[in-house]
Amino acid sequence: MAANDLTPDDLLEQGMTRLRELLGPTWEISRRSGITDPHEGADAIVQLQAEGDGTFGQLLVDVKSVGVTPRMVQETLLPKLSLLRQLRDQTTLLVLAPWLSRQTQKILRSHDISYLDLTGNVSLRVRRPAVVIYTEGAARAPQSLAKEQSKTTLAGPKAGRLVRLLTDVRPPYRANELAQASGLSIGYVSKLLETLEDQLLIRRDGRIISFVDWPDLLRARATRESLLRKGSFAGLLAPNGIPAVLRNIRRLPSSGLAHIAVTGTHAAHAVAPLAAGGQLMLYVDPLLDADDLGEELGLLPVDENADVLFLQARDRSVFERSQNVEGIPHVALSQIALDCLAGPGRMPAEGEAVIEYMKDHQSSWQIPSIHDLRMNLHA
């Protein structure tokens, strides 16, 4: 049965089955007959008891068949949690849903609310008997739930352009200013801002965006992307080593340098070195002949074991606000963080290191206002 076809009772039964699998055969898990008091607003009480132990724990289960957003947590679940703790201080509140986003999970954990979704995202903390479980499941919504997601998402090049702008420019600003600065339609920008507000990634005072949680915005965007998508890059070999390639990049004419930019591990190491090595990744503008560029840099095309990757720029915004680092163009810090977070292997850890650097040096890279951005564009 598809996730979007589940009734609340189906969801509850599947959730209890997952609990039994997690706790094992030495635990008894049962649903108490009779529902909780109506003013508590829960769907069921589930009792947990270990074999040979007279003590038991109770879960007050809140079943959510539709998507649970951080805003829903803030506006509906937190008041319920406050009431629960007054009435049943030994009972654990558990949110049960088909799928929960990383941002929703983070907010639930920050308020000590347990959760379980059917993809394997679980955080359960019961005081007595002591139970602590944490597992990670799907970072993206299952395909069966995609039809329910009517709101604009963080997937695609247009979303990436707006995420970069929201990160790189300090608020306040309005939706129409963001649309003008990004070249996106006001309709699209307004819809995506609604989604971000539901996820508590932005805050608005009236029509003015007054706050952007840019670290979590970058993380949320990265879950919707894959840096090395099939067909999105070309692998090359540097027979004389990466240092020789970097020297050749510095020798390129300015017309060529304007159409390339380093990203990934090598760009991350410039601000937050974690380890040596890694592939050299270069965004290459479609306007540039990649074969000619490869020859100029002394590279050979290969099908495997590449040490240089030419990445296709899906949107011109990846080059925006690039910086010159020792004579070589690097993408902006926000783009480095996004690419590393969406990359393979150790790259997500490098992305987190870049975000930490950005937090500590925010005044050095973030544009003070949307007005200053416009001034820079027309300078």
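Computed over heavy atoms, backbone and side chain alike; hydrogens, waters and symmetry mates excluded. Numbering starts at 1 and runs along the sequence shown.
- Shown here are the side-chain hydrogen bond (donor to acceptor under 3.5 Å, both in side chains) partners of T119, two or more places apart in sequence or in another chain: D117, N121.
- Judged purely by distance below 3.5 Å, without hydrogens or angles, the side chains of R109 and Y115 pair a donor atom with an acceptor atom.
- One finds a salt bridge joining R316 and D285 here, because a Lys/Arg side-chain nitrogen approaches an Asp/Glu carboxylate oxygen to under 4.0 Å.
- One finds a salt bridge joining E225 and R314 here, because a Lys/Arg side-chain nitrogen approaches an Asp/Glu carboxylate oxygen to under 4.0 Å.
- In summary, K64 and D62 engage in a salt bridge, as defined by a charged side-chain N under 4.0 Å from a carboxylate O.
- Of the inter-residue distances, the one linking R18 atom CZ with L96 atom CG reads 10.0 Å to the nearest 0.5 angstrom.
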Inset, instruction - Apply side chain to side chain contact (heavy atoms under 4.5 Å, CB included) to the pair L184 and R161, showing each step before the final yes or no. - result: CA-CA 9 Å; L184 300 170; R161 195 186 310 176; 3.7 Å; yes
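- By the criterion of side-chain heavy atoms lying less than 4.5 angstrom apart, applied directly or through intervening Ile, Leu, Val, Met, Phe, Trp or Tyr residues, V68 is grouped together with L93 in one hydrophobic cluster.
- Side-chain contact between T92 and Q58 is absent, with no heavy atoms from C-beta onward closer than 4.5 Å.
- Shown here are the side-chain contact (heavy atoms from CB on, under 4.5 Å) partners of H266, two or more places apart in sequence or in another chain: I242, V262, L280.
- Separation of atoms CZ (R221) and CG (L201) is listed at 13.0 Å; rounding is to 0.5 Å.
- Under the ring pair (Phe, Tyr, Trp, His ring centres under 6.0 Å) criterion, the residue pairs touching residues 316-359 are Y357-H361, with sequence neighbours excluded.
- Side-chain atoms of T104 never come within 3.5 Å of backbone atoms of L100 as a donor-acceptor pair (strictly under, hydrogens ignored).
- Taking CG from D9 and CZ from R31, the interatomic distance works out to 5.5 Å, rounded to the nearest 0.5 Å.
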Inset, instruction - Give the intermediate values and the outcome of side-chain hydrogen bond (donor to acceptor under 3.5 Å, both in side chains) for residues Q199 and R71. - result: CA-CA 6 Å; Q199 297 295 322; R71 194 174 183 180; over 6 Å; no
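- Electrostatic pairing of E197 and R204 counts as a salt bridge here, judged by a charged N lying under 4.0 Å from a carboxylate O.
- In summary, the side chains of E350 and T265 do present a donor paired with an acceptor at a separation below 3.5 Å, with no hydrogens or angles considered.
- Evaluation of the side-chain hydrogen bond (donor to acceptor under 3.5 Å, both in side chains) rule for K191 yields no partner, not counting sequence neighbours.
- E13 contributes atom CD, which lies 5.5 Å from atom CE of M16 (distance to the nearest 0.5 angstrom).
- By the side-chain hydrogen bond (donor to acceptor under 3.5 Å, both in side chains) test, R251 is found to be paired with N248, residues two or more places apart in sequence or in another chain being considered.
- Atom CG of L309 and atom OH of Y283 lie 11.5 Å apart (nearest 0.5 Å).
- Dense packing is recorded around CD of Q49, with more than 12 heavy atoms of other residues, nucleotides or ligands lying under 6.0 Å away.
- When the side-chain contact (heavy atoms from CB on, under 4.5 Å) test is applied to R174, the partners found at least two apart in sequence or on another chain are N176, E177, R207, I208.
- Between the side chain of Y173 and the backbone N or O of L166 there is at least one donor-acceptor pair closer than 3.5 Å.
- Hydrophobic clustering (side-chain heavy atoms under 4.5 Å, transitive across Ile, Leu, Val, Met, Phe, Trp, Tyr) groups L341 together with L162.
- Counting only N and O atoms by type, the side chains of S369 and D372 include a donor and acceptor under 3.5 Å apart.
- Within a 6.0 Å radius of CZ in F56, other residues, nucleotides and ligands contribute 12 heavy atoms or fewer.
- For the atom pair OG of S322 and CG of L257, the computed distance is 11.0 Å after rounding to the nearest 0.5 Å.
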